[in-house]
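Below is one structure; the comments refer to it alone.
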Amino acid sequence: MPRGRGGIRLGGMSAWFNPARELDALLRQAAASVPALGAGFNPELKPSDPRHADFQANGVLGAAKQAKANPRALATQLLEALRAGGGLDERLVQVEVAGPGFINFKLTPAALGAWLREYRDESRWRAGAARLMGGRKVVIDYPSPNTAKQMHVGHLRPIVIGEAVARLIEFCGADLVRDNHIGDWGTNFGVLILAIRRAGFQLDAKSPTALEDLERLYKEGSAATKADPALMDAARAELAKLQSGDLANSALWKQIVEVSNAACQRSYDQFGLKTDVILGESFYRDKVDQVYAELAKHGLAEESEGALVVWHDEEPRFSRDAETKMPFIVRKKDGSSNYASTDLATLLYRAEHLKADEIVYVTDGRQQDHFHQLFLTGAKWFKASGRQLPRLRHVWFGTILGEDGKAIKTKSGDPVRLQELIDEAAAKAFEAVSAKSPDLPEAERRAIARAVGVGALRYADLSSNRTMDYTFSWSKLLAFEGNTAPYLMYAGVRVRSIFRKAGLSVGQGEEGADDPVTPAEIALARKLVAFTAALDQSLEELRPHHLCTYLHELASAYGAFYAADSVIVDDPAVKARRLMLCARTSAVLECGLRLLGIEPLERM
RNA sequence: GUUCCCGUAGUUCAACGGAUAGAACAUUGGUUUCCUAAACCGAGGAUGUGGGUUCGAUUCCCGCCGGGGACACCA
């Protein structure tokens with residue numbers, strides 16, 4: 001993400017969409033004329049603790065050390081150069097040298113007011129954010145489940161995180177393709193087919209218990225093949241038959257996939273998840289031969305113990321000299337394809353047919369080594385064959401642990417089913433909404449409960465850093481107070497209620513609104529302008545929790561404003577400017593919630 | 001054994017090398033003739049451990065302790 005490339009000014013309008021970017025650019029310009037700093041100076045501009053300022057530049061401290069200069073004196077020089085440059089209007093931004101040599105920037109009420117009047121709605125923000133990823137074609141790979149398993153709580157994260165990351169990327173201007181790369185061509189099928197044969201089970205895809213039956217059989221098969229290596233070989237043989245076109249296995253495979261996809265779709269519907277394409281591993285069945293041929297041709301892959309593998313000697317743990325060998329196995333010794341084969345074929349397809357500039361893989365953290373090897377192999381392969389490698393990113397998340405502190409797995413006991421979790425959340429929310437708003441019709445209370453319950457689940461998962469593991473807990477996932485989705489949704493509902501009471505629709509009644517005045521108005525306005533910084537930060541490493549933190553702070557600032565300053569008052573000027581703050585809060589909050597995949601409400 | 005991730009108030013989590021380590025829950029004291037109290041205002045309480053780098057370390061490096069993951073044909 002390039003910084004300091006000048007700012008965007010939409011159609012000659014005056015306010016900066018993203019003040020941090022503008023200030024960064026101005027500081028770099030100014031530094032060029034300060035001898036001790038020069039053109040390569042990085043101002044290290046960051047959002048500041050609001051007690052001090054809106055933004056602070058820390059870069060002078062390090063530079064002063066390098067130049068053996070007094071940091072405060074150097075900061076003062078830079079500040080003078082900045083003023084001389086003429087790009088800074090001090091009626092909008094107050095600047096001062098502070099502490100050991102920070103440069104602090106504080107937006108004045110005039111700047112806050114200008115921003116609020118100008119960046120009114122989502123279309124303006126999208127236009128502003130489009131500089132982040134505009135014109136880029138991005139493929140995102142999620143939730144990519146394995147087939148023939150019931151959805152349990154472990155499936156929550158790829159759905160929820162994947163959707164939030166996808167929406168964020170799309171919001172920032174990318175042309176996005178959501179590709180559900182389902183795992184439908186692996187050894188798990190061999191295991192399952194073997195188990196079905198051994199049990200003499202007749203699969204009926206239309207049976208309501210079909211998925212449960214499959215899951216039970218898979219568990220049996222999994223236990224059996226684990227206990228007996230001969231059975232594992234038999235399972236692999238079933239897969240090899242499938243992959244080479246055996247009619248009976250292919251027919252069975254088709255039925256299993258059908259049952260599995262229908263069940264997954266029912267879960268996706270409840271999360272509002274829509275994928276653009278479903279190109280599972282089986283889609284690449286006839287595209288892996290090209291991968292083997294090209295890797296061999298360029299000398300990247302070699303035979304080892306009968307398998308075709310790629311070593312990466314520059315990475316000690318993937319090198320052929322490693323103590324425990326961890327090659328990237330691209331073809332098994334029985335000739336079957338595996339995860340690596342199909343992922344390489346998928347990479348090529350996305351680059352050549354989908355024209356991806358960037359590919360984002362959303363999976364759990366246990367696959368880090370796999371993706372590291374995939375990316376290394378992809379880079380060498382594309383370079384050797386003269387292709388342009390898309391930017392590859394592994395957006396991984398931590399594991400949901402069971403009560404025993406171990407990862408929740410289908411095989412170890414019975415983890416909570418996803419449907420059970422959703423139903424429980426909705427039931428609890430229904431109880432709450434019925435207690436607090438008994439006058440609403442039952443149908444509406446049901447709909448609200450659904451939105452609140454699912455929203456709470458999603459937010460609980462998104463609000464902490466995705467790389468953290470967490471232990472499954474009903475109370476954590478079903479919390480409705482504090483830093484939760486219902487808190488944010490409630491703040492939004494209170495804004496909408498004001499407009500209803502005033503007989504206006506959101507956005508009306510703010511004509512001629514002036515700059516914020518009271519402390520609560522100013523604090524809220526500063527928070528609203530900080531939306532751009534929150535977007536930047538979330539997008540940078542694709543971590544939605546930054547957006548969650550921001551939205552919670554915004555809702556909290558609104559809560560304080562709501563308690564301190566009445567909106568519907570007699571003074572038309574006061575009313576107009578507070579209505580403007582309400583409208584902006586509503587819009588930012590709802591836009592932010594939607595980015596997280598949470599549907600805002602009119603009332604609750 | 002090799003390697004990756006993690007360790008912050010009683011609990012669940014923030015902090016992109018910077019100022020007095022922020023929140024939420026729980027505990028505790030207050031706020032409602034007034035726009036939804038699912039709210040607001042206040043109080044107490046924390047960086048596993050030992051070194052190092054740095055003007056400055058929760059953050060970077062090394063050791064130790066503790067938890068989890070991966071490691072030859074699962075995905």
Side-chain angles (χ1 to χ4, degrees), chain A residues 44 46-49 51-52 56 58 61-62 64-65 71 98-102 104 144-146 183 185-188 190-191 222 236 281 304-309 316-317 322-327 329-334 336 338-340 342-343 363-370 372 396 398-399 401 405-407 429 432-433 435-437 452 460 463-465 467-471 473 475-476 479-484 486-487 489-491 493-502 536-537 540-541 543 545-546 548-549 552-553 556 559-560 562-564 566-569 578 582 603-604:
Chain A
E44 294 177 37
K46 300 179 181 172
S48 186
D49 183 324
R51 284 173 296 198
H52 299 118
Q56 64 185 84
N58 299 336
L61 282 152
K65 178 71 180 171
F102 306 121
N104 282 355
S144 311
N146 288 331
W185 206 237
T187 302
N188 52 335
V191 170
S222 179
R236 290 196 186 107
E281 291 170 347
S304 172
E305 298 178 27
L308 189 66
V309 309
R317 69 185 188 283
E323 283 186 40
T324 47
K325 303 274 184 282
M326 213 195 311
I329 298 169
V330 298
R331 189 181 60 206
K332 299 197 271 187
K333 66 182 171 202
D334 65 6
S336 308
N338 67 0
Y339 196 32
T342 49
D343 264 357
T363 81
D364 78 85
R366 287 173 290 184
Q367 299 187 30
Q368 283 179 90
D369 281 339
H370 168 78
H372 201 156
W396 61 272
T399 313
L401 308 172
K406 307 272 184 188
V433 71
K436 302 194 185 212
S437 305
V452 169
S463 61
S464 61
N465 197 333
T467 53
M468 298 278 283
D469 290 346
Y470 70 82
T471 304
S473 127
S475 62
K476 177 192 169 84
F480 289 176
E481 269 143 36
N483 186 4
T484 64
Y487 177 83
M489 296 167 97
Y490 180 69
V493 159
R494 291 214 292 181
V495 186
R496 288 198 163 265
S497 177
I498 287 178
F499 283 96
R500 261 200 321 276
K501 273 279 186 331
D536 265 17
Q537 210 183 357
E540 179 129 21
E541 292 191 329
R543 294 187 194 266
H545 78 280
H546 289 122
C548 293
T549 302
H552 181 251
E553 287 168 0
S556 178
Y562 185 94
S566 293
V567 176
I568 302 175
V569 292
R578 290 185 182 165
C582 286
R603 61 185 118 227
M604 64 190 272

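Each chain gets a letter, A, B and so on, in the order the sequences are listed, and its residues count up from 1. Keep in mind the model is a prediction, meaning the values are calculated, not measured.
- Remark: Asp469(A) engages no residue in a salt bridge (Lys or Arg N to Asp or Glu O under 4.0 Å) (not counting sequence neighbours).
- Applying the salt bridge (Lys or Arg N to Asp or Glu O under 4.0 Å) rule to Glu553(A) yields the partners Lys527(A); only residues at least two apart in sequence or on another chain are considered.
- Every residue meeting the salt bridge (Lys or Arg N to Asp or Glu O under 4.0 Å) condition with Asp49(A), not counting sequence neighbours, appears here in chain and number order: Arg51(A).
- With sequence neighbours left out, the side chain to side chain contact (heavy atoms under 4.5 Å, CB included) criterion links Ala64(A) to Pro71(A), Leu74(A).
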Tabulate atom names and distances for all N/O pairs under 3.5 angstrom spanning the protein and nucleotides 37-42 of chain B.
{"residue": "A37(B)", "atom": "OP2", "partner": "Arg494(A)", "partner atom": "NH1", "Å": "2.6"}
{"residue": "A38(B)", "atom": "O4'", "partner": "Lys436(A)", "partner atom": "NZ", "Å": "3.2"}
{"residue": "A39(B)", "atom": "O2'", "partner": "Arg494(A)", "partner atom": "NH1", "Å": "3.3"}
{"residue": "A39(B)", "atom": "O2'", "partner": "Arg494(A)", "partner atom": "NH2", "Å": "2.4"}
{"residue": "C40(B)", "atom": "OP1", "partner": "Tyr487(A)", "partner atom": "OH", "Å": "2.5"}

So which protein N/O to nucleotides 10-13 of chain B N/O distances come out below 3.5 Å?
{"residue": "U12(B)", "atom": "O2'", "partner": "Lys476(A)", "partner atom": "NZ", "Å": "3.1"}

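- Residue-to-nucleotide contacts include no donor-acceptor pair under 3.5 Å from the side chain of Thr399(A) to the base of G68(B).
- Not counting sequence neighbours, the partners of Thr467(A) by the side chain to side chain contact (heavy atoms under 4.5 Å, CB included) test are Trp396(A), Asn465(A), Arg543(A).
- Listed by chain and residue number, Asp461(A) satisfy the side-chain hydrogen bond (donor to acceptor under 3.5 Å, both in side chains) test with Tyr470(A) (two or more places apart in sequence, or in another chain).
- On the C1' atoms, A57(B) is 29 Å away from C25(B), given to the nearest whole Å.
- Among residues two or more places apart in sequence or in another chain, the side-chain hydrogen bond (donor to acceptor under 3.5 Å, both in side chains) test is passed with Gln56(A) by Ser48(A), Asn58(A).
- Legend: residues meeting side chain to side chain contact (heavy atoms under 4.5 Å, CB included) with Pro316(A), ordered by chain and number and at least two apart, are absent.
- The salt bridge (Lys or Arg N to Asp or Glu O under 4.0 Å) test applied to Arg578(A) returns Glu521(A), Asp565(A), not counting sequence neighbours.
- With hydrogens and angles ignored, no donor-acceptor pair under 3.5 angstrom links the side chain of Thr549(A) to the base of A23(B).
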Each nucleotide N or O in nucleotides 19-21 of chain B that has a protein N or O under 3.5 Å away: list the pair and distance.
{"residue": "A19(B)", "atom": "O2'", "partner": "His52(A)", "partner atom": "NE2", "Å": "3.4"}
{"residue": "A19(B)", "atom": "N7", "partner": "Gln56(A)", "partner atom": "OE1", "Å": "3.2"}
{"residue": "A19(B)", "atom": "N7", "partner": "Gln56(A)", "partner atom": "NE2", "Å": "3.4"}
{"residue": "A19(B)", "atom": "N6", "partner": "Gln56(A)", "partner atom": "OE1", "Å": "3.3"}
{"residue": "A19(B)", "atom": "N6", "partner": "Asn104(A)", "partner atom": "OD1", "Å": "2.6"}
{"residue": "A19(B)", "atom": "N6", "partner": "Asn104(A)", "partner atom": "ND2", "Å": "3.3"}
{"residue": "A19(B)", "atom": "N1", "partner": "Asn104(A)", "partner atom": "ND2", "Å": "3.2"}

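- For Asn483(A), taking side-chain heavy atoms from C-beta onward, the closest of the listed nucleotides A24(B), A75(B), U2(B) is A24(B).
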